[in-house]
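Here the structure comes first, spelled out in structure tokens, and everything after it is commentary.
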There are 2 protein chains.
Amino acid sequence: MRAALDLFGEQGYENTSVAQIAERAGLTKSTYFRHFKDKREVLFGGQDELVGLIVAGIAGTPESAGALAAVEGALVAMAVTFTQDRWANGPRRLAVIESNDELRERDALKMAGFGRTIRDALRRRGVPELDADVAAELGILALRRGYARWLEAGGDFADVARRALEEVRIAAASLEGAE
Amino acid sequence: MRAALDLFGEQGYENTSVAQIAERAGLTKSTYFRHFKDKREVLFGGQDELVGLIVAGIAGTPESAGALAAVEGALVAMAVTFTQDRWANGPRRLAVIESNDELRERDALKMAGFGRTIRDALRRRGVPELDADVAAELGILALRRGYARWLEAGGDFADVARRALEEVRIAAASLEGAE
DNA sequence: CGGTTGATGAGACCAAGTCCCATCACTTGA
DNA sequence: TCAAGTGATGGGACTTGGTCTCATCAACCG
């Protein structure tokens, strides 16, 4: 992962071949594809862990709480992975992703995956389908906004995410109807 | 596009090569890639047209109207392409997309693209950043839900989409805060 | 009628991704 | 102590998506 990020930074994603990455890491192409299902994936590790945290975060909020409270639980639970040291490469990673369509695509899929995870977890605790959809969508929006702010400003991710979600909630509540 | 959809239905997406599609269409691989930027894209034509309709739909709603009213304008404007005859293959297309990760990925990117289009158009008319984000996200959710319902039940897409957006709006407004 | 333009065919070429088999280190059990 | 098993790696053949270049061919135009 380090080798890949370095090379992408030096030469750009498209001008870097998997063989090059493997070589710099002291491995071969074969081994690369044993660890990552494709070239893109090297930039998106750790998704399973996040999915697990989301599920646990939602399961960990009291049954009586509303959908958004559960979403907040999910975001807060994710904070354990978003620590300064583990994410020192966050900005570089983000820059590479935004430089390339294939990567943006993968990112969109990952985010949609988080959204579905949240939605399904909400529905499993009895939240009506529509509310689960809406809460999940707003949760993802808050996650994106919170993540961006956290990358710039730092601080405790849980706090940042909580604030982002509250912000989004207020904005959503105050939107007026169409007619 | 017809040849591709047929072959995907018969053999599955992954077991179909671009050469096969081209052959059935009476063309060559070269020509295929002149029309579609990659294998996936054959299932996602007409996005530019939709983006144009979104922008026009938003521009066409009165300045005084709120963000969600503008989003409604966008959805309604899209209805001109969602007609029964042009979308006779909608269900088959959807089934293929959902059968494959690469395609889901592309779909997620397209949806995110629509979201960004909505968001940017809203911000251009002075909607604050946060509200534009939220309205765009809810709009995409309504689009997805409305599209799914329209595929099953048919009817006028504009009506279906309008109802879906109103539904989403009400759900969003009624979500309670986290604490 | 000669020249231009636009779409296509044809094929070389590169890189992503799959598959299979050999190798090597490490563990385990008799 | 050794043989067998296990897991990670190397290596290379092979397929296919995707790019590029050049040739061909038809329509159109002055």
Side-chain angles (χ1 to χ4, degrees), chain A residues 1-49 92-93 95-110 112-113, chain B residues 1-49 89 92-110 112-113:
Chain A
M1 290 167 57
R2 221 179 316 125
L5 200 51
D6 288 346
L7 282 166
F8 294 160
E10 293 168 18
Q11 318 173 338
Y13 173 80
E14 288 148 316
N15 301 323
T16 304
S17 75
V18 171
Q20 274 181 303
I21 301 171
E23 188 191 350
R24 174 158 315 184
L27 298 171
T28 61
K29 210 180 68 164
S30 298
T31 305
Y32 182 97
F33 283 111
R34 270 186 207 104
H35 289 284
F36 308 104
K37 90 171 205 291
D38 56 34
K39 183 179 171 188
R40 300 155 212 96
E41 200 63 14
V42 70
L43 289 168
F44 295 90
Q47 206 209 10
D48 295 348
E49 187 190 350
R92 276 167 77 202
R93 179 179 159 276
V96 174
I97 291 175
E98 307 228 306
S99 76
N100 177 277
D101 263 356
E102 270 183 40
L103 295 174
R104 259 204 282 272
E105 203 164 64
R106 178 59 50 90
D107 193 55
L109 184 70
K110 295 292 183 183
Chain B
M1 290 167 56
R2 221 180 315 126
L5 201 50
D6 287 347
L7 283 166
F8 294 160
E10 294 166 18
Q11 318 174 338
Y13 173 80
E14 289 149 316
N15 300 322
T16 304
S17 74
V18 171
Q20 275 182 301
I21 302 171
E23 187 190 351
R24 173 157 317 185
L27 298 171
T28 61
K29 207 180 71 161
S30 298
T31 305
Y32 181 97
F33 284 110
R34 273 187 203 102
H35 290 283
F36 308 104
K37 89 170 207 290
D38 56 34
K39 183 179 172 189
R40 299 157 213 103
E41 200 63 14
V42 71
L43 289 168
F44 296 90
Q47 205 208 13
D48 295 349
E49 187 189 352
N89 288 322
R92 277 167 76 201
R93 179 179 160 277
L94 201 59
V96 174
I97 291 175
E98 307 227 307
S99 76
N100 177 276
D101 263 357
E102 271 183 39
L103 296 174
R104 258 204 281 272
E105 200 163 68
R106 179 59 51 88
D107 193 55
L109 184 70
K110 295 291 184 183

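The sequence lines fix the lettering, A, B, ..., with proteins before strands; numbering per chain opens at 1. Worth saying up front: this structure is predicted, and the values here are computed from it rather than measured.
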Rounding to an integer number of Å, can you tell me how far [X] [atom1] sits from [N] [atom2]?
| X | N | atom1 | atom2 | result |
| --- | --- | --- | --- | --- |
| Q20(A) | dC14(C) | CD | P | 15 Å |
| E102(B) | dA16(C) | CD | P | 14 Å |
| K39(A) | dT16(D) | NZ | P | 21 Å |
| H35(A) | dG17(C) | NE2 | C1' | 16 Å |
| R40(A) | dA16(C) | CZ | P | 10 Å |
| Y32(A) | dA8(D) | OH | C1' | 18 Å |
| F8(B) | dG17(D) | CZ | C1' | 12 Å |
| E23(B) | dT8(C) | CD | C1' | 16 Å |

Out of [options], whichever nucleotide has its closest atom nearest the side chain of [X]:
| X | options | value |
| --- | --- | --- |
| F33(A) | dA12(C), dG10(D), dA16(C) | dA16(C) |
| L27(A) | dG17(C), dT9(D), dT19(D) | dT9(D) |
| S30(A) | dG10(D), dA16(C), dG18(D) | dG10(D) |

Margin query: Let me spell it out: for each of T31(B) and V18(A), pick the nucleotide of DNA chain C with the closest heavy atom. Which residue's pick is nearer the 5' end?
Written below: T31(B)
Margin query: Both D38(A) and R34(A) contact DNA chain C. Which one's nearest nucleotide lies toward the 5' end?
Written below: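 Nearest nucleotide further toward 5': that of D38(A).
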Next item on the list: Identify the two heavy atoms, one from R24(A) and one from A3(A), that lie closest to each other, and give their separation to 0.1 Å.
Entry: CG-CB, 3.9 Å
Notebook entry, point to check: Using 4.0 Å as the upper bound for N to carboxylate O, is an ion pair formed by K110(A) and E105(B)?
Noted result: no
Margin query: Tell me whether the NZ or CZ atom of R40(B) lies within the 45° cone about the ring axis of Y13(B) and under 6.0 Å from its centre.
Written below: no
Check: Has R93(B) got its NZ or CZ under 6.0 Å from the middle of the six-membered ring of F44(B), at an angle within 45 degrees of the ring axis?
Finding: yes
Next item on the list: Indicate, yes or no, whether a donor-acceptor pair under 3.5 Å links the base of dG18(D) to the side chain of K29(B).
Entry: yes
Notebook entry, point to check: Quick one: on DNA chain D, does T28(A) or A19(B) contact a more 5' nucleotide (nearest heavy atom)?
Noted result: T28(A)
Margin query: Would you say CD of E23(A) has more than 12 non-hydrogen atoms from neighbouring residues, nucleotides or ligands within 6.0 angstrom?
Written below: no
